[in-house]
Amino acid sequence: ASHKPKGIMDRGFTARPSPVLESLSEDYTGIAASGGFFPLIGRTIEMEQILRILRETGSGILLVGSAGVGKTTIFEGLAQLMASEDVPRELQDKRLIVLDPGALVANAAGVGTLEGRIHEILKEILLAGNIILGIEDIHHLLNMRSTQGSADASSILMNAISQGTVKVIATTTTREYQEFIEPHETFVRRFQVVRVPELNRNDAILVLEARSSIFEGKYKVFF
């Protein structure tokens, strides 16, 4: 990871800046390259599924699991693999940028402002050529629009996925998936679902051991 180009650039020096996207998101591969994430424990099956889908299909990926089960941690683990280039050739020299839907809609007052932001983000991703887009809690984008009658955020995103202009990995909870996403058949067809179950007992213990020092320092206790 230390040999990868820093910042937005790829090794071919063909990447372009993405200021709008970066103002509304975090560069997970950048954080991973500087050692900002805990190593991923377990999740071998889920990670194999994600890498296979990214390599073989043009579909988006939807991580579905209960709240707190560790969907964001899978983003972090994928970013670590990408930073170290321990991924298929199609994902090498790429960046995982994770979008916050809350930031997307914040201060987006005015007709067409929200849609304009999304179109600008998708344009930046296309021009950059080295971005995988992560979206936390994608159910928030359903029916998100600036005015009644305008295209919602999810429709614009669906079009981009179907045209192959953007690779998307998104998360949602099991309840929101069943309540809000599953009824939208056209939306569901753009994604392959990867179920994220609870960690097994042994992996859960390893996670607690790895993070125990944080709680020891914060609460002055000893595990």
Note to self: Among residues at least two apart in sequence or on other chains, which ones pass side chain to side chain donor-acceptor pair (under 3.5 Å) with S212?
What the structure shows: none
Margin query: Just to verify, what does E46 make a side chain to side chain donor-acceptor pair (under 3.5 Å) with, not counting sequence neighbours?
Written below: R43
Notebook entry, point to check: Between the side chains of S25 and D27, is a donor N or O closer than 3.5 angstrom to an acceptor N or O?
Noted result: no
Next item on the list: State whether a side-chain donor-acceptor pair under 3.5 Å links T72 with E136.
Entry: yes
Margin query: Between E85 and K94, does any NZ, NE, NH1 or NH2 come within less than 4.0 Å of an OD or OE carboxylate oxygen?
Written below: no
Note to self: Checking V188 against I181 for the side-chain contact (heavy atoms from CB on, under 4.5 Å) test, could you report, in this order, the C-alpha distance in whole Å, the side-chain angles of both residues, the deciding distance, and whether it holds?
What the structure shows: CA-CA 7 Å; V188 172; I181 295 178; 3.8 Å; yes
Treating Ile, Leu, Val, Met, Phe, Trp and Tyr as nodes and any side-chain heavy-atom pair under 4.5 angstrom as an edge, say whether [X] and [Y] lie in one connected cluster.
{"X": "F215", "Y": "L208", "answer": "no"}
{"X": "F180", "Y": "L99", "answer": "yes"}
{"X": "V98", "Y": "L51", "answer": "yes"}
{"X": "L62", "Y": "L142", "answer": "yes"}
{"X": "I135", "Y": "V193", "answer": "yes"}

Measuring from atom [atom1] of [X] to atom [atom2] of [Y], what distance do you get when rounded to the nearest 0.5 angstrom?
{"X": "I31", "Y": "Q80", "atom1": "CD1", "atom2": "CD", "answer": "11.0 Å"}
{"X": "L63", "Y": "T73", "atom1": "CG", "atom2": "OG1", "answer": "11.0 Å"}
{"X": "I61", "Y": "R190", "atom1": "CD1", "atom2": "CZ", "answer": "16.0 Å"}
{"X": "Q49", "Y": "M47", "atom1": "CD", "atom2": "CE", "answer": "11.0 Å"}
{"X": "L96", "Y": "N130", "atom1": "CG", "atom2": "CG", "answer": "11.5 Å"}

Notebook entry, point to check: With sequence neighbours left out, which residue pairs that include part of residues 201-210 fulfil the side-chain hydrogen bond (donor to acceptor under 3.5 Å, both in side chains) condition?
Noted result: N200-D203
Would you check if the side chain of [X] reaches a backbone N or O of [Y] as a donor-acceptor pair within less than 3.5 Å?
{"X": "K71", "Y": "G68", "value": "no"}
{"X": "K218", "Y": "S213", "value": "no"}
{"X": "E124", "Y": "L21", "value": "yes"}

For the residue pair [X] and [Y], establish whether any side-chain heavy-atom pair is separated by less than 4.5 Å.
{"X": "E120", "Y": "S18", "result": "no"}
{"X": "Y177", "Y": "R195", "result": "yes"}
{"X": "T172", "Y": "D137", "result": "no"}
{"X": "I53", "Y": "V194", "result": "yes"}
{"X": "V196", "Y": "V64", "result": "no"}
{"X": "R55", "Y": "L91", "result": "no"}
{"X": "V69", "Y": "P197", "result": "no"}
{"X": "L24", "Y": "D100", "result": "no"}

Check: Could you walk me through whether E26 and I97 pass the side-chain contact (heavy atoms from CB on, under 4.5 Å) check?
Finding: CA-CA 6 Å; E26 284 191 284; I97 308 295; over 6 Å; no
Check: For E185 and R189, what are the C-alpha separation, side-chain angles and deciding distance, and is it a side-chain contact (heavy atoms from CB on, under 4.5 Å)?
Finding: CA-CA 6 Å; E185 293 183 11; R189 282 201 299 269; 4.1 Å; yes
Next item on the list: Evaluate whether atom CZ of F223 has more than 12 neighbouring non-hydrogen atoms of other residues, nucleotides or ligands under 6.0 angstrom away.
Entry: yes
Margin query: Surrounding CD1 of I45 (heavy atoms of other residues, nucleotides or ligands, distance under 6.0 Å), is the total greater than 12?
Written below: no
Checklist line | Among L104, L141, L157, the one residue meeting side chain to side chain contact (heavy atoms under 4.5 Å, CB included) with I118 | finding: L104
Could you pull out all donor-acceptor pairs under 3.5 Å where a side-chain atom in residues 160-170 meets a protein atom, sequence neighbours excluded?
{"residue": "S162", "atom": "OG", "partner": "M158", "partner atom": "O", "Å": "3.3"}
{"residue": "S162", "atom": "OG", "partner": "N159", "partner atom": "O", "Å": "2.8"}
{"residue": "T165", "atom": "OG1", "partner": "A160", "partner atom": "O", "Å": "3.0"}
{"residue": "K167", "atom": "NZ", "partner": "L54", "partner atom": "O", "Å": "3.3"}

Item checked: L127 and I125: CA distance, side-chain angles, deciding distance, side-chain contact (heavy atoms from CB on, under 4.5 Å) verdict -> CA-CA 6 Å; L127 289 174; I125 291 173; over 6 Å; no
Item checked: With sequence neighbours excluded, residues passing ring pair (Phe, Tyr, Trp, His ring centres under 6.0 Å) with F191 -> F187
Notebook entry, point to check: How would you list all residue pairs meeting ring pair (Phe, Tyr, Trp, His ring centres under 6.0 Å) that involve residues 25-78, not counting sequence neighbours?
Noted result: Y28-F37
Margin query: For A32 versus A83, what's the shortest heavy-atom pair and its separation?
Written below: CB-CB, 4.1 Å
